[in-house]
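Note that ligands are numbered from 1 as they come in the structure, with each ligand's atoms numbered from 1 the same way.
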Amino acid sequence: MSAVILGIESTAHTLSFGFVDVEGVAYPSESAVFKPEEGGIHPREAADHHSKVAGELLKRFMETHELSRRDIDAVAFSQGPGLGPCLRVGASIARSLSHSWNIPLVGVNHCVAHIEIGRSQTGCDDPVLLYVSGGNTQVIARANERYRVLGETLDIGIGNMLDKFARAQGIPFPGGPEIERLAAAWTADTPGAELSGVSLPYGVQGMDLTFSGILTAAQQKTLDGNPLREVCWSLQEHSFAACVEVAERAMAHTGKEELLLGGGVACNERLREMSQIMCGERGGESFWPARPFCVDNGTMIAELGRRMIDSGTITSLTNSAVSPGLRTDHTIVTWD
Ligand code: AMP
Ligand code: MG
């Protein structure tokens with residue numbers, strides 16, 4: 001293997017190393033996910049996990065792909081947005097590899113990386129991105145030199161909402177996949193299920209979304225004695241429909257005909273189906289990358305790093321501080 005870009009992801013629960021070659025061919029990442037024993041993710045505990053496993057994980061990554069330091073042309077890392085202590089672990093690893101291997105460093109915007117890996121994996125060109133992850137929920141589209149946020153959650157990310165609901169039911173992190181399984185079981189076992197379900201708040205405000213109200217209401221519905229599977233199904237239907245509605249309006253406003261899903265919640269089959277139906281009805285097309293490229297992964301960081309380096313951007317040591325509150329539209333898009 002020669003001439004690759006290494007990418008390091010560490011914005012939240014996942015520490016991940018991945019790479020692309022100079023043509024942008026993507027390879028699977030090597031990842032370690034922090035799973036709290038109880039409660040949500042404590043940033044310091046997640047960061048401690050990342051620093052503890054980093055050495056072993058990097059070694060395994062290099063061995064699995066038969067990479068040597070001489071193969072690596074540059075190192076990219078998630079500069080933000082994310083949890084400060086977690087970001088600092090990835091940035092420290094990137095800085096020290098850049099220094100000791102004498103290769104360029106490039107700090108990348110995590111949200112933009114989801115878009116670029118999606119574009120490179122699916123072949124879509126100028127999509128509206130529905131970015132649905134643990135910490136983020138945004139509807140994004142490129143206008144001139146920026147990816148603009150056209151709508152976003154005003155409170156918690158949709159994945160975080162699903163995880164919190166699941167945790168209250170005793171389902172461990174990540175809760176999204178188990179909610180999907182329970183919801184699918186409800187429709188499979190219940191004749192006329194699509195006409196049933198519990199009523200929940202629908203969190204659309206203009207182009208923005210909210211999820212804390214639906215979380216509280218869904219928890220109350222289970223306390224009221226409604227079957228968990230029925231509440232899971234209703235939770236998905238309401239929250240996914242809200243996201244797809246905003247994405248549709250973004251497509252209508254921008255005139256774009258492609259919808260790209262990204263983020264961990266984009267693994268969900270029902271969300272994919274809803275997106276497909278919406279796009280089909282308006283003559284558009286929906287896309288999503290394979291699961292390992294939907295969830296947080298080092299490969300997407302490498303891919304955005306590659307595009308930035310190719311268009312002449314690298315990050316000096318003095319500009320390599322992490323940026324926990326970095327916005328999607330802060331990054332100037334210098335590549336095609
Ligand atoms: P990310 O933050 O992008 O790494 O994605 C993690 C989030 O994706 C967590 O909140 C998970 O619960 C959620 N997730 C993963 N798989 C699924 C799924 N099949 N359905 C719904 N949510 C999911
Ligand atoms: Mg993410």
Side-chain angles (χ1 to χ4, degrees), residues 7-16 18 29 31-36 40-41 43 46 50 77-83 86-87 90 108-118 129-138 140 147 152-153 156-169 171-185 211 214-215 218 232-244 260-275 288-301 303-304 324 326-328:
I8 305 175
E9 159 58 25
S10 74
T11 53
H13 42 66
T14 301
L15 175 70
S16 176
S29 304
S31 305
V33 180
F34 170 67
K35 295 190 179 173
I41 295 171
H50 296 348
F77 69 100
S78 272
Q79 200 159 12
L83 306 174
C86 299
L87 287 167
V108 317
N109 184 318
H110 173 95
C111 302
V112 176
H114 274 292
I115 305 174
E116 297 306 348
I117 196 70
L129 175 78
L130 175 56
Y131 173 34
V132 279
S133 73
N136 296 291
T137 305
Q138 294 185 331
I140 301 165
Y147 283 111
E152 66 186 314
T153 180
I156 55 176
I158 186 170
N160 191 229
M161 180 275 287
L162 295 171
D163 296 335
K164 281 188 157 132
F165 175 77
R167 195 189 317 142
Q169 310 306 318
I171 300 167
F173 175 86
E178 181 62 8
I179 291 175
E180 176 173 21
R181 198 188 64 72
L182 290 165
F211 296 107
I214 195 172
L215 169 62
C232 287
W233 180 78
S234 308
L235 189 58
Q236 286 199 161
E237 293 300 302
H238 284 76
S239 61
F240 294 171
C243 293
V244 173
L260 174 64
L261 304 183
V265 183
C267 298
N268 188 289
E269 290 297 334
R270 178 60 179 143
L271 178 64
R272 292 173 172 185
E273 183 185 30
M274 281 189 186
S275 303
W288 48 81
R291 186 177 197 290
F293 298 121
C294 279
V295 297
D296 290 348
N297 64 92
T299 308
M300 70 182 195
I301 306 303
E303 172 58 10
L304 176 51
L326 185 65
R327 296 279 304 165
T328 302

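Minimum heavy-atom separation, L87 to P81: CD1-C, 4.3 Å.
Looking at atom 20 (N) of ligand 1, its nearest protein heavy atom turns out to be N268 ND2, 3.0 Å. What sits closest to atom 9 (C) of ligand 1 on the protein, heavy atoms only, is D163 OD2, 3.4 Å. With hydrogens left out, the protein atom closest to atom 3 (O) of ligand 1 is G264 N, 2.8 Å, a heavy atom. Of all protein heavy atoms, the one closest to atom 2 (O) of ligand 1 is G134 N, 3.0 Å. When hydrogens are left out, the protein atom nearest atom 19 (N) of ligand 1 is E180 OE1, 2.7 Å; that is the closest non-hydrogen contact. In terms of protein heavy-atom proximity, atom 4 (O) of ligand 1 is closest to H13 CE1, 3.2 Å. Taking atom 22 (N) of ligand 1 as the reference point, the nearest protein heavy-atom neighbour is G176 CA, 3.4 Å.
In this structure, the side chain of H50 engages the main chain of A46 through a donor-acceptor pair within 3.5 Å. No donor-acceptor distance shorter than 3.5 angstrom exists from the side chain of D296 to the backbone of S10, with no hydrogens or angles considered. Put simply, the side chain of S16 gets close to the backbone of G298: a donor and an acceptor are under 3.5 Å apart. Panel note: side chain S29, backbone T299; a donor-acceptor pair is recorded below 3.5 Å.
In this structure S239 satisfies the side chain to side chain donor-acceptor pair (under 3.5 Å) test with no other residue, sequence neighbours excluded. By the side chain to side chain donor-acceptor pair (under 3.5 Å) test, E180 pairs with no residue at all, sequence neighbours left out.
Taken to the nearest 0.5 Å, the CD atom of Q138 stands 10.5 Å off from the NE2 atom of H114. With rounding to the nearest 0.5 Å, the separation of CH2 in W233 from NE2 in H238 is 8.5 Å. With values rounded to the nearest 0.5 angstrom, L271 atom CG is found 8.5 Å from Q236 atom CD.
Within the 4.5 Å cutoff, side-chain heavy atoms of I214 are placed close to those of L235.
For a distance threshold of 2.8 Å, the protein N, O or S atoms nearer than that to the Mg ion (ligand 2), listed by chain and number, are H110 NE2, H114 NE2, Y131 OH, D296 OD1.
Not a single heavy atom of T14 sits less than 4.0 Å from an atom of ligand 1. Residue contacts with ligand 1 do not include Q236, since none of its heavy atoms lies under 4.0 Å from the ligand.
Every atom of ligand 1 is numbered from 1 in the order shown, and the set under 4.0 Å from a heavy atom of G263 is 3 (O). Per-residue contacts place G175 under 4.0 angstrom from the following atoms of ligand 1 (heavy atoms of the residue considered): 12 (O). Counting atoms of ligand 1 from 1 in the listed order, those under 4.0 Å from a heavy atom of G159 are 10 (O).
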Under 3.5 Å donor-acceptor pairs involving side-chain atoms of residues 157-169, not counting sequence neighbours:
residue: N160; atom: OD1; partner: K164; partner atom: NZ; Å: 3.3
residue: D163; atom: OD1; partner: G175; partner atom: N; Å: 2.9

